Novice: 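The structure under discussion is supplied below as C-alpha cells; questions concerning it will follow.
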Amino acid sequence: MNKFDHSYIEMASVWARNSYCKRRQVGALLVKDRMIISDGYNGTPSGFENICEDENGVTKPYVLHAEANAITKVAKSGNNSLDSTLYVTASPCLECSKLIIQSGIKRVVYRDEYRLTDGIDLLRKAGIEVEKVD
C-alpha cells in the first residue's frame, strides 16, 4: 500500500459517476510511473445509446466494464499498460481479470468486493499483486 492508493481509488470513485448504469457505477484508472495513463467507467460501447439496463432492469450483455474500457482506451493511445497499476472501485470479474493479465498490468487495487471471487483468484494465480482498500 502506498500513499497514493487512497487518492487514486477516490479519483476512480469520482470517475464512476460518469457511468449511465443504474444498477452499479464502476470507475477505473490506469496509473504508470505516478501518471494516469487511462480511465474508464462501465457503459455501452461507443455509438450505442447510453442505457445499460433493459426494461426489466437487467444489465445488457454488451455493456463494457470499467476495467475493459480503461484497457481498450490505452490500447488506442500511444501508451501501454505494461507494469502499471489498475485502480478500480469494484473487484474485477473473471473476464476483466483475463484482460488485466494479458495487458501486463502488475498490480490491482480495488475498494468493493464483487459477489464472485474468481477474478481476484485468477489475478493472484497469475502473480499479480492485488490489494483491497477501505
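Please read these numbers as outputs of a predicted model, since none were measured by experiment.
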Novice: Rounded at 0.5 Å granularity, tell me how far CG in Asn69 sits from CG in Asn18.
Specialist: 11.5 Å
Novice: Which atoms form the tightest heavy-atom contact between Ala28 and Val88, and what is the distance?
Specialist: CB-CG2, 4.1 Å
Novice: Please assess Lys106 against Ser84 for the test side chain to side chain contact (heavy atoms under 4.5 Å, CB included), listing each intermediate value before the final yes or no.
Specialist: CA-CA 6 Å; Lys106 69 173 181 186; Ser84 63; over 6 Å; no
Novice: Ignoring hydrogens, what is the shortest heavy-atom contact between Tyr62 and Pro45? Give both atom names and the distance.
Specialist: O-CD, 3.5 Å
Novice: How about Thr44 and Asn50: do any of their side-chain heavy atoms sit closer than 4.5 Å?
Specialist: yes
Novice: Please tell me whether Ile9 and Met11 are part of a single hydrophobic cluster in this structure, the criterion being side-chain heavy atoms less than 4.5 Å apart.
Specialist: yes
Novice: Would you find more than 12 non-hydrogen atoms of other residues, nucleotides or ligands less than 6.0 Å from Lys132 atom NZ?
Specialist: yes
Novice: Supply the atom-to-atom distance Leu116 CG to Ser91 OG, rounded to the nearest 0.5 angstrom.
Specialist: 8.5 Å
Novice: Is Ile100 close to Leu86 at the side-chain level, that is, under 4.5 Å between some pair of heavy atoms?
Specialist: yes
Novice: For Ser97 and Gly119, work out which heavy atoms get closest and say how close.
Specialist: OG-O, 3.0 Å
Novice: Please report the shortest heavy-atom distance between Ala70 and Ser38, naming the atom on each side.
Specialist: O-OG, 2.7 Å
Novice: Measuring from atom CD1 of Ile36 to atom CG of Asp33, what distance do you get when rounded to the nearest 0.5 angstrom?
Specialist: 13.0 Å
Novice: Any carboxylate oxygen within less than 4.0 angstrom of a Lys/Arg side-chain nitrogen, looking at Glu53 and Arg24?
Specialist: no
Novice: Within the structure provided, determine whether Leu122 and Lys98 are in side-chain contact (heavy-atom separation under 4.5 Å).
Specialist: yes
Novice: More than 12 heavy atoms of other residues, nucleotides or ligands under 6.0 Å from CZ of Arg107: is that the case?
Specialist: yes
Novice: Is there a side-chain contact between Ile51 and Tyr20, using heavy atoms and a 4.5 Å cut-off?
Specialist: no
Novice: Report yes if the side chains of Thr85 and Tyr8 come closer than 4.5 Å at any heavy-atom pair, otherwise no.
Specialist: no
Novice: So does Lys73 have more than 12 non-hydrogen atoms from other groups sitting under 6.0 Å from NZ?
Specialist: yes
Novice: Could you see if Tyr87 belongs to whatever hydrophobic cluster contains Met1? Use Ile, Leu, Val, Met, Phe, Trp, Tyr and a side-chain cutoff under 4.5 Å.
Specialist: yes
Novice: Is any side-chain heavy atom of Gln25 closer than 4.5 Å to a side-chain heavy atom of Tyr41?
Specialist: no
Novice: In this structure, which one of Val58, Leu64, Val63 forms a side-chain contact (heavy atoms from CB on, under 4.5 Å) with Cys52?
Specialist: Val63
Novice: Side chain to side chain contact (heavy atoms under 4.5 Å, CB included) for Lys32 and Asn79? Distances and angles first, verdict last.
Specialist: CA-CA 10 Å; Lys32 187 173 180 175; Asn79 214 329; 4.1 Å; yes
Novice: What do you reckon, is CD of Glu113 surrounded by more than 12 foreign heavy atoms closer than 6.0 Å?
Specialist: yes
Novice: Do Val74 and Val26 belong to the same hydrophobic cluster, where Ile, Leu, Val, Met, Phe, Trp and Tyr are linked whenever their side-chain heavy atoms lie under 4.5 Å apart, directly or via other members?
Specialist: yes
Novice: Search all heavy atoms of Val130 against all heavy atoms of Ile120 and return the closest pair with its distance.
Specialist: CG1-CD1, 3.7 Å
Novice: Out of curiosity, Tyr114 OH to Leu94 CG, how far, rounded to the nearest 0.5 Å?
Specialist: 10.0 Å
Novice: Apply the test side chain to side chain contact (heavy atoms under 4.5 Å, CB included) to residues Val133 and His6: give CA-CA distance (whole Å), side-chain angles for both, the deciding distance (0.1 Å), then the verdict.
Specialist: CA-CA 7 Å; Val133 295; His6 288 284; 4.1 Å; yes
Novice: Taking the side chain as every heavy atom from C-beta outward, state whether Leu30 and Glu67 have any atom pair closer than 4.5 Å.
Specialist: no
Novice: Drop me the distance from Ile71's CD1 to Lys76's NZ, to the nearest 0.5 angstrom.
Specialist: 14.5 Å
Novice: Evaluate the criterion side chain to side chain donor-acceptor pair (under 3.5 Å) for residue pair Arg111 and Thr89; output intermediate values, then yes/no.
Specialist: CA-CA 5 Å; Arg111 188 189 63 203; Thr89 58; 4.6 Å; no
Novice: I'd like to check Pro92 versus Leu123 (side-chain heavy atoms, cut-off strictly below 4.5 Å). Are they in contact?
Specialist: yes
Novice: When you group the ILVMFWY residues by side-chain heavy-atom contacts below 4.5 Å and let the links chain together, are Ile105 and Ile37 in the same group?
Specialist: yes
